[in-house]
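Nothing here was measured: the structure is a model prediction, and the numbers come from that model.
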Amino acid sequence: MHLNPNTLFVTGGAGFIGSALIRLLLQERDVAVINIDKLTYAGSLTSLQTVAAHPRHIFVRQDIGNCAAIDALLRQYRPRAIVHLAAESHVDRSIDRPAAFIDTNIIGTYTLLEAARDYWSRLPESEQNRFRFHHVSTDEVFGSLHDADSRFNENSPHAPNNPYSASKAASNHLVRAGIRDVLPIATPQKMLRFQNLLGDGSSFGISLNYAVQAQPQGIAQAFLIGESFIGSDSVCLILGDNLFHGKGLNEQLNQAVNQSHSATIFAHQVLTLKFSIYNKLLT
């Protein structure tokens, strides 16, 4: 299989930013754009009216979480790059209906990554170096600025304050870590909800394992639960709205234990949300 150097995939191309990008690409670059969009509330073909009949624009109504469909599109069009913009957005919607954000922003991104990795692995080595996966995020992942004169940058720590930004932060880490397996950790009461929603991940084209945390005893216990799962691989460990990724957790824990005159702190900022009996956000 050989990639087509003049073909790009754009996911979420019927959205506000995606449609603007596609119009610009068709105007200023000699490329064919395969526009993949599920056409949810955030997508509209109206924004693409000026390029609807353009010979280098192909619109495909599809869910990025449909692994078989994405794989078929990659085989058919063989792009040299994927620009990933598709996402559930809007903070208010994420508070009312967070499941859709988990499904699209985390599981969908994972599925797209797996399809892209499989496609990349079948390319000749010389072309593998040319293929790119561009993941587009949001400044929401950095949380809130406490100083009016300060600015976020790409090195700012992730500190999401709502399900939308948390799901986008999770997708950022998935892309960064090159995830192959995902381990959700939950209490027994919540575990059934995750399993009913996601199953074993096969319907999404991913691999999901589960670990039970008897009581919500925090991040330290989550590290211990995920220790054998992480091993020496690049992985993603999710505990509620906390997400960890990396390599060599065993070594880090051992080093921390063996430090007799100092301490190692594993920390992640968490925002506590309070709701009324009517599920309205209080703080």
Side-chain angles (χ1 to χ4, degrees), residues 7-26 31-48 51-52 57-77 79-94 97-120 131-141 160 162-176 178-179 182 197-198 201 203-206 236 243:
T7 299
L8 304 176
F9 273 21
V10 176
T11 70
F16 175 72
I17 298 176
S19 60
L21 172 63
I22 289 175
R23 294 193 301 270
L24 183 66
L25 287 171
L26 294 174
V31 296
V33 178
I34 313 303
N35 177 6
I36 303 171
D37 199 295
K38 189 179 178 180
L39 290 184
T40 61
Y41 68 93
S44 173
L45 294 179
T46 302
S47 59
L48 294 163
V51 296
H57 175 238
I58 299 174
F59 175 75
V60 180
R61 185 172 186 175
Q62 189 54 259
D63 184 351
I64 60 170
N66 187 330
C67 185
I70 297 299
D71 183 65
L73 289 171
L74 287 168
R75 290 174 180 268
Q76 179 180 358
Y77 293 107
R80 69 172 171 86
I82 297 174
V83 183
H84 178 34
L85 287 143
E88 290 282 340
S89 59
H90 302 303
V91 172
D92 291 346
R93 287 182 59 89
S94 75
R97 301 175 182 176
F101 289 74
I102 302 298
D103 188 18
T104 297
N105 298 355
I106 301 179
I107 304 300
T109 297
Y110 182 97
T111 303
L112 189 63
L113 281 169
E114 281 293 278
R117 184 176 66 87
D118 181 66
Y119 165 69
W120 171 85
F131 177 75
R132 295 291 184 270
F133 187 106
H134 296 288
H135 174 67
V136 181
S137 186
T138 170
D139 61 354
E140 291 268 359
V141 301
N162 53 72
Y164 162 55
S165 57
S167 66
K168 286 297 291 182
S171 68
N172 290 355
H173 288 300
L174 285 170
V175 174
R176 177 183 171 90
I179 299 304
V182 179
L197 176 65
L198 304 174
S203 60
F204 304 103
I206 65 174
C236 174
L243 184 144

Distance from [X] atom [atom1] to [Y] atom [atom2], nearest 0.5 Å?
X: T7; Y: Y77; atom1: OG1; atom2: OH; value: 9.5 Å
X: D71; Y: Y119; atom1: CG; atom2: OH; value: 11.0 Å
X: D103; Y: S167; atom1: CG; atom2: OG; value: 11.0 Å
X: D63; Y: I70; atom1: CG; atom2: CD1; value: 7.5 Å
X: I36; Y: I82; atom1: CD1; atom2: CD1; value: 7.5 Å
X: T11; Y: L73; atom1: OG1; atom2: CG; value: 12.0 Å

Side-chain contact test, heavy atoms from C-beta onward, threshold under 4.5 Å: evaluate it for [X] versus [Y] and give yes or no.
X: T138; Y: S165; result: no
X: V31; Y: R80; result: yes
X: F133; Y: L112; result: yes
X: L39; Y: L45; result: yes
X: V10; Y: I34; result: no

Are any side-chain N or O atoms of [X] and backbone N or O atoms of [Y], one a donor and one an acceptor, separated by less than 3.5 Å?
X: K168; Y: V136; result: yes
X: N35; Y: G13; result: yes
X: R23; Y: S47; result: yes

- [ ] Quick one: do I22 and S19 satisfy side-chain contact (heavy atoms from CB on, under 4.5 Å)? Show the steps, please.
- [x] CA-CA 5 Å; I22 289 175; S19 60; 5.7 Å; no
Heavy-atom pair with the smallest gap, counting every atom of [X] and [Y]:
X: G18; Y: L85; result: CA-CD1, 3.8 Å
X: F101; Y: S94; result: CE1-CA, 3.3 Å
X: T104; Y: I64; result: O-CD1, 4.0 Å
X: G15; Y: D37; result: N-OD2, 3.8 Å
X: E88; Y: Y41; result: OE1-CE2, 3.1 Å

Task: Donor-acceptor pair between N172 and S137 side chains, under 3.5 angstrom - done: yes
Open item on the list: For T109 and H135, which I'm curious about, is there any donor-acceptor pair between the side chains at under 3.5 Å?
Closed with: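 Note: T109 and H135 side chains miss the donor-acceptor criterion.
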Task: I58, CD1: over 12 other non-hydrogen atoms inside 6.0 angstrom - done: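 Yes.
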- [ ] Determine, step by step, whether Y164 and E140 satisfy the side-chain contact (heavy atoms from CB on, under 4.5 Å) criterion, reporting the C-alpha distance in whole Å, the side-chain angles of both residues, the deciding distance to 0.1 Å, and the verdict.
- [x] CA-CA 8 Å; Y164 162 55; E140 291 268 359; 3.8 Å; yes
Task: Derivation and outcome, side-chain contact (heavy atoms from CB on, under 4.5 Å), residues V33 and F9 - done: CA-CA 6 Å; V33 178; F9 273 21; over 6 Å; no
